[in-house]
Structure formats: structure tokens, C-alpha cells
Amino acid sequence: MTRATSVFVSEPGDRSVLQVRTHDVPDPGPGEVQVEVAAAGVNFIDVYKRQGVYPVPTPFVLGEEGAGTVTAVGPGVSDFAVGERVAWCQSSGSASTVVNKPAQVLVPVPDGVDLEVAAAAMLQGLTAHYLVTSTYAVREGDIALVHAAAGGVGQLLVQMVTARGATVVATAGSDEKLELARERGAQHLINYETVDDLAGAVREAAGRGVDVAYDGVGKATFDASLASLRPRGMMVLFGGASGQVPPFDIQRLNRGGSLFLTRPTLAHYIAEREEYEWRADEVLGAVADGSLEIAIGGRYPLTEAAAAYEALEGRKTTGKLVLVPGA
Ligand code: NDP
């Protein structure tokens, strides 16, 4: 038994339901590994869970990803040893000083990759990875629309799309954010707060309809994303930072030019251990060799978790925020 401090959601609601509490953590059970958490990632899915958009029984500990050092292993665990550096994503209850995790959600962190960076890279990095390799396999010469391109997933998408020889039309809510997207490799920049006809601006910048639209903003951008696509283009709605997209008339895909629409989620792209390892190896490997830049936009102690989410929900962030238990 050990003691931990964690960020709890006491009931569905706004940020006032976040509580930082100290509690017991049992020794790791069969197949489990105990980890001293160096950093936990701040993600939009935490907001959806806290609000009850994704219903979770309360109280629960917030946080879907993190990285840290193994302090104990439970019976039957042979893949990880005390002292090893590990990271994980898609595993709830991560905003804590100490966690017990099933060994199958852990991956090793390569030498030279800082644990905070590893925590920041996992959920958004594996998301950008599946979006460009599997949901729509980006090819050389493609043109991709990336919304909120200075955000966590956004900056990674820009880098991964351009690394495949494709062009990015990036949108963001301020010129400062667009400058960040440009630094990551985006060739065309659109401030969607200042244009009246977003789809028209995208088509003008691209010179044609785009091959794929990566849209994690949702409600505010969905119509423009669809209208930006070339015939038989792919609409990838992967989130709703501005709100969920309302019910949809399928005939719009026909009228738009035999379009494709998908609403993917990370869990279905890392469900098999082999696929999870492949994506994590590629993402953390790219971080280790310097070809993928992880931009940490803010570090917060657990006691200031509400401030981190206020910044994320208020569009005040760029890159990735992390909670740092030791800070
Ligand atoms: P970001 O860092 O991208 O933050 C969200 C950004 O969305 C804001 O910075 C803002 O950028 C933009 N935005 C536009 N309108 C709003 C609004 N009304 N409220 C808040 N933000 C708004 O977050 P993440 O990288 O963590 O996540 C991006 C999206 O990806 C989210 O929708 C998330 O749910 C989704 N996601 C989906 C996954 C999946 O597998 N399906 C996995 C991981 C994330 P700007 O000011 O430039 O407009």
C-alpha cells in the first residue's frame, strides 16, 4: 500500500467539480505495474468525461495518458522491471502521483526522450499517426486541410502530413497560432476567425478541393470542411472542440461529390497490442531522432489542474499541456 495524490472528478460538471485528494493505492495486482508519474497529459477527452458527454461513473481520477518510472510490478509481469521508464495512453486515472496500470497499456520510453515529452507525445501523437497512416493514408502530392493547426494534435498532424510529401492548408484562431503552424511546415495559413467563406478560402489557397480534411474542431468547421473537399475526398471528423456536430443528412455526401465521411477514435486504432506498439515505436522513435517536435505549451502542478483545463477550453493554449505531479 502507498499514498497518492490525484485529480478527481466528483460529479459531472464544470471545472469546479475537480478536486485534488490524497488516497491509498494498493500494491499492484496480477498483471499490473506501479508507476511513479512524472507527467500526465491534458486532453480534450478529459473535458468530455468531466462534463458527462462521455458518461463515466463518479468519482473518478482524471487523465488518459502519462509517463513515469516503474516502482513495483505485480505477479505475472515479466515485460517491465523496477526503474524502467514507461509511457501510456488510453488508460484512465492518470492525473496522479502514483498509478497502477495494466502492463499491456505500457510502452518503454526510448533513451534520450524526456518523460514529460513522452507523456505529451502519446495520446495526441498516436492520434495524429493513425489519422495520417490509416484513416486516410496521406501520399506525396496530397493536399490536407488541418484545423486548429497550432493545437496539440494539430501541430503533430502538420508535421506528419508534410513529412509524407503532402501540402497542408492550416487554420487557426489567431495569426500567432498560424505562425506556429507555419513553423511546423504548413504551406497555407487561414485565420478562420477573420474569413467569411472558409471553404472558399481553403479552395483558393489549395488551388483545388483538398484530398482530406482533418477536423477536430467539429461543430464550427464541419460544413466548411465538407465544402472544401475534392470529389471523392475524405472528411475525417475526429473531435468536437467547438461542440458536437448535429445529426447529418447522408445525401450531402452525394451532393458534395461522392465524399467519404468517418468519425474515428484512437481506441479502435490501438486495440491490438501489436498495432499499439507499432504506433508508439514510430511516434516515440521520431521524437528520439528529432524528426517530430513535441511542443509543450504549459506545465501545471496537480493542484492547478483546473487552470490547465480553463486554458485548453478557452482556446488559450498552443501545443500540449502537461500536469507535473512533482512541480
Ligand atoms: P487542441 O490543443 O487542438 O485545442 C483545441 C483547439 O480547438 C483550440 O486551441 C482552438 O484552436 C480550437 N477551437 C476552435 N473552436 C473552439 C472552441 N469553441 N472551444 C475550444 N477550442 C476551440 O486540443 P487537442 O489537440 O487535445 O484536441 C483536438 C481535437 O482532437 C479535440 O476535438 C479532441 O477531442 C480531438 N481528439 C480526438 C481523438 C480521436 O481519436 N478521435 C484523440 C485525441 C484528440 P484555435 O484557437 O486555433 O481555433
Side-chain angles (χ1 to χ4, degrees), residues 14-15 40-51 53-54 62-65 89-91 119-136 145-160 169-182 184 186 189-195 198 213-222 224-225 235-245 261-271 275-276 279 283 294-298 308-323:
D14 61 19
R15 288 180 295 276
V42 172
N43 290 290
F44 247 93
I45 190 169
D46 308 330
V47 178
Y48 306 146
K49 287 191 168 183
R50 189 200 72 217
Q51 291 171 334
V53 175
Y54 295 172
L62 206 58
E64 299 290 311
E65 73 179 330
C89 66
Q90 205 74 42
S91 177
M122 287 295 289
L123 196 145
Q124 295 176 342
L126 271 61
T127 296
H129 187 269
Y130 85 71
L131 290 173
V132 304
T133 58
S134 304
T135 305
Y136 176 89
L145 172 61
V146 176
H147 289 304
V153 178
Q155 287 198 37
L156 297 167
L157 274 175
V158 171
Q159 293 179 75
M160 291 185 196
V169 179
T171 68
S174 74
D175 292 346
E176 293 75 23
K177 288 185 173 186
L178 286 172
E179 178 56 22
L180 277 173
R182 192 189 62 73
R184 296 286 171 245
L189 310 173
I190 298 170
N191 182 335
Y192 46 26
E193 294 301 315
T194 59
V195 293
L198 178 53
Y214 290 117
D215 189 340
V217 173
K219 193 173 177 187
T221 46
F222 180 79
S225 296
M235 170 73 204
V236 182
L237 176 70
F238 66 95
S242 68
Q244 303 305 317
V245 174
L261 166 65
T262 181
R263 180 30 179 117
T265 202
L266 175 62
H268 302 131
Y269 288 85
I270 57 170
E275 189 170 10
Y276 180 44
R279 298 194 191 283
V283 169
I294 304 294
I296 295 187
Y309 288 99
E310 183 181 10
L312 182 69
E313 294 167 55
R315 302 174 69 171
K316 297 190 189 96
T317 64
T318 59
K320 176 77 180 200
L321 302 188
V322 287
L323 300 176

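For reference, positions follow the sequence shown, starting with 1. Atoms within a ligand are numbered from 1 in the order they appear, just like the ligands themselves.
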Query raised in the report: Gly154 to ligand 1: N or O pair under 3.5 Å?
Result: no
Requested in this report: Select one of side chain, backbone, both or neither to describe which atoms of Leu266 lie under 4.0 Å from any atom of ligand 1, heavy atoms only.
Outcome: both
Query raised in the report: So how far is it from Thr318 OG1 to Leu180 CG, rounded to the nearest 0.5 Å?
Result: 5.0 Å
**Report entry** Identity of the nearest option to atom 14 (C) of ligand 1, non-hydrogen atoms only, from Leu126, Val217, Leu237, Leu312
**Finding:** Val217
Query raised in the report: What distance do Arg263 atom CZ and Gln244 atom CD have between them, rounded to the nearest 0.5 Å?
Result: 6.5 Å
Requested in this report: Look only at interatomic distance and state if Ala241 has a nitrogen or oxygen under 3.5 Å from any nitrogen or oxygen of ligand 1.
Outcome: yes
Report summary line: Out of Tyr130, Tyr192, Tyr48, the nearest non-hydrogen contact to atom 48 (O) of ligand 1 is supplied by Tyr192
Report task. Specify the closest pair of heavy atoms between Met160 and Gly125, including all atoms of both residues, with the distance to one decimal. Result -> CE-O, 3.5 Å
Report task. Look only at interatomic distance and state if Gly239 has a nitrogen or oxygen under 3.5 Å from any nitrogen or oxygen of ligand 1. Result -> no
Report task. Would you give the length of the straight line joining atom CG of Leu261 to atom CG of Asp215, rounded to the nearest 0.5 angstrom? Result -> 10.5 Å
Query - Distance-only donor-acceptor check, side chains Arg315 and Ser174, under 3.5 Å - result: no
Query raised in the report: Can you find a non-hydrogen atom of Ala220 under 4.0 Å from ligand 1?
Result: no
**Report entry** Nearest non-hydrogen protein atom, atom 9 (O) of ligand 1
**Finding:** Lys177 NZ, 3.5 Å
Requested in this report: Could you tell me how the ring of Tyr269 sits relative to the ring of Tyr130: parallel (under 30°), tilted (30 to 60°) or perpendicular (over 60°)?
Outcome: parallel
**Report entry** Contact check: Phe238 vs ligand 1, nitrogen or oxygen atoms, below 3.5 angstrom
**Finding:** yes
**Report entry** Partner set under ring-ring contact (aromatic ring centres under 6.0 Å, His included) for Phe222, not counting sequence neighbours
**Finding:** Phe248
Query - Nearest non-hydrogen partners of Leu189 and Leu178, listed with the distance - result: CD2-O, 3.7 Å
Query raised in the report: For ligand 1, is there an N or O atom under 3.5 Å from any N or O atom of Pro264?
Result: yes
Query raised in the report: Of the choices Thr317, Ile270, Leu156, Thr127, which has the non-hydrogen atom that lies closest to atom 42 (C) of ligand 1?
Result: Thr127
Query raised in the report: Can you tell which part of Thr171 has a heavy atom less than 4.0 Å from ligand 1: side chain, backbone, both or neither?
Result: neither
Report task. Using distance alone, decide if ligand 1 has a nitrogen or oxygen within less than 3.5 Å of any nitrogen or oxygen in Ile45. Result -> no
**Report entry** Under-4.0 Å heavy-atom contact with ligand 1, by part of Arg263 that carries it
**Finding:** side chain
Requested in this report: Return the residue, atom name and 0.1 Å-rounded distance of the protein heavy atom closest to atom 18 (N) of ligand 1.
Outcome: Ser242 CA, 3.4 Å
Query raised in the report: Going from CD on Gln124 to CG on Leu131, what distance comes out if it is rounded to the nearest 0.5 angstrom?
Result: 11.5 Å
Report summary line: Note: Val153, heavy atoms under 4.0 Å from ligand 1, region reported as both
Query raised in the report: Which heavy atom of the protein is the closest neighbour of atom 33 (C) of ligand 1, given with residue, atom name and distance?
Result: Phe44 CB, 3.6 Å
Report task. Could you say whether the N/O atoms of Arg315 and ligand 1 ever approach to under 3.5 Å? Result -> yes
Report task. List in chain and number order the residues that pass salt bridge (charged side-chain N to carboxylate O under 4.0 Å, His left out) with Glu179, two or more places apart in sequence or in another chain; answer none if no residue qualifies. Result -> Arg182
Query raised in the report: Under 4.0 Å between a Lys/Arg side-chain N and an Asp/Glu carboxylate O for Lys177 and Glu193?
Result: no
Query raised in the report: If you measure every N/O of Gly151 against every N/O of ligand 1, is any gap under 3.5 Å?
Result: no
Query raised in the report: Which protein non-hydrogen atom lies closest to atom 24 (P) of ligand 1, naming both residue and atom, and how far is it?
Result: Gln124 NE2, 3.5 Å
Report task. Might you point out which heavy atoms bring Val158 and Ala186 nearest each other, and give the distance in Å? Result -> CG1-N, 3.5 Å
